Amino acid sequence: MKIAVFVSGRGSNLQAILESGYTKDIVEVKAVVSEKIDCAAFQVAGIYSIPTFTLSNKPGGKSYSEIISLFREMEIELIVLAGFLKLIPKEFIKSFQNKIINIHPALLPSYGGAGMYGMNVHRAVFNSGDRFSGATVHIVNETFDTGRIIAQEKIDISQAKSPEEIAERVLVIEHKLLPFVLNKFANGKVEITDSQIKIL
Ligand code: GAR
């Protein structure tokens, strides 16, 4: 399965996709895209000689419509947001209906929405005193973190001493859950109908 990965940060989830036993040999990362000219995740892409693209209207950058054409040429089958922090425009979502997924570092529908990313999420979870947190993989729609849920994994954080500790433990879950879901997509084992999403 040919995929593109959108990133904004360090790229540990991108790295997990590239190195996990779930995705090795069956998932091919053809492009890495960011809204930044350079981010740490581009270095991960570089190690694997994966082409990188910057979403920008500055010289050298690409527009969303150029990315759509490029992905059609590359025959991209799924787009994965792995730490990508910008809202995806409607036109782009329409072009890849049910073909864009995101990983979120909490148990959606809780702790999602604008501004809820990275450590902001883990601080909110820590301050809430919730007993569980985890990771969610969902379909991307026009608003932040409200698309239909594909898979979740939760962990008991009742003994966590800090937001940083929660972040560290949730990241371990993310690095398994995202490659697992990609494996299911690659094997045609994600059934998306109007009423439900089922992993077979
Ligand atoms: C991950 O924890 C991801 O779930 C989160 O950003 C981090 C990126 O880390 N995404 C969001 O918060 C999106 N709302 P990475 O660059 O090391 O993969």
Side-chain angles (χ1 to χ4, degrees), residues 3-20 22-24 27 29 31-48 50 52-55 78-89 92-93 96 100-128 130 132-155 157 160 162-183 185:
I3 71 166
V5 181
F6 279 41
V7 292
S8 300
R10 81 204 130 172
S12 72
N13 277 288
L14 169 64
Q15 191 162 356
I17 295 168
L18 292 163
E19 292 176 1
S20 168
Y22 283 125
T23 40
K24 249 188 178 351
V27 172
V29 182
V32 173
V33 177
S34 182
E35 83 286 15
K36 296 186 174 150
I37 292 172
D38 202 8
C39 63
F42 276 1
Q43 288 160 30
V44 177
I47 293 168
Y48 287 85
I50 300 164
T52 57
F53 303 94
T54 296
L55 280 161
L78 193 76
I79 296 157
V80 180
L81 311 189
F84 185 69
L85 301 181
K86 294 275 176 196
L87 196 62
I88 301 283
F92 192 85
I93 289 170
F96 298 102
I100 311 173
I101 66 171
N102 177 49
I103 178 125
H104 186 77
L107 296 173
L108 292 174
S110 301
Y111 307 106
M116 273 295 178
Y117 59 86
M119 282 310 296
N120 294 351
V121 175
H122 302 300
R123 270 192 288 269
V125 172
F126 182 75
N127 292 333
S128 74
D130 281 2
F132 294 100
S133 191
T136 304
V137 177
H138 66 93
I139 302 276
V140 172
N141 64 10
E142 293 85 0
T143 54
F144 279 117
D145 306 323
T146 57
R148 294 202 289 158
I149 291 171
I150 302 167
Q152 284 186 315
E153 191 169 338
K154 68 175 181 179
I155 48 168
I157 50 150
S162 65
E164 287 74 19
E165 186 185 331
I166 298 174
E168 208 175 293
R169 292 189 48 214
V170 168
L171 197 62
V172 173
I173 299 293
E174 293 184 49
H175 293 167
K176 282 191 277 170
L177 186 66
L178 186 55
F180 170 79
V181 170
L182 289 175
N183 174 290
F185 268 103

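In each ligand, atom 1 is the first atom listed, and ligand 1 is the first ligand listed. The first residue in the sequence is number 1, and the count goes up from there. Given the structure is predicted, the values throughout are model-derived calculations rather than measurements.
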Discussion item. Could you check whether any side-chain N or O of Q152 sits under 3.5 Å from a backbone N or O of L108, counting only pairs where one atom can act as donor and the other as acceptor?
Written reply: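 A pair under 3.5 Å: yes.
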Under 3.5 Å, side-chain donor or acceptor atoms of residues 78-89 against the rest of the protein: list the pairs with distances, not counting sequence neighbours.
none

Worksheet item: Do the side-chain N and O atoms of E19 and Y48 include a donor-acceptor pair separated by under 3.5 angstrom?
Response: yes
Practice prompt. Using a strict cut-off of under 4.0 Å between a residue heavy atom and any atom of ligand 1, list the qualifying protein residues by chain and number.
Written response: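 G9, R10, G11, S12, N13, G83, I103, H104, P105, M116, Y117, G118, L171, E174.
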Discussion item. Below 30° counts as parallel, above 60° as perpendicular, anything between as tilted: where do the rings of Y22 and F180 land?
Written reply: perpendicular
Worksheet item: Residues two or more places apart in sequence or in another chain: which of them pass side chain to side chain donor-acceptor pair (under 3.5 Å) with R123?
Response: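 R123 satisfies side chain to side chain donor-acceptor pair (under 3.5 Å) with N120 once adjacent residues are dropped.
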Practice prompt. Name all pairs fulfilling the side chain to side chain donor-acceptor pair (under 3.5 Å) condition that reach into residues 35-46, sequence neighbours left out, sorted by first residue then second.
Written response: S8-E35
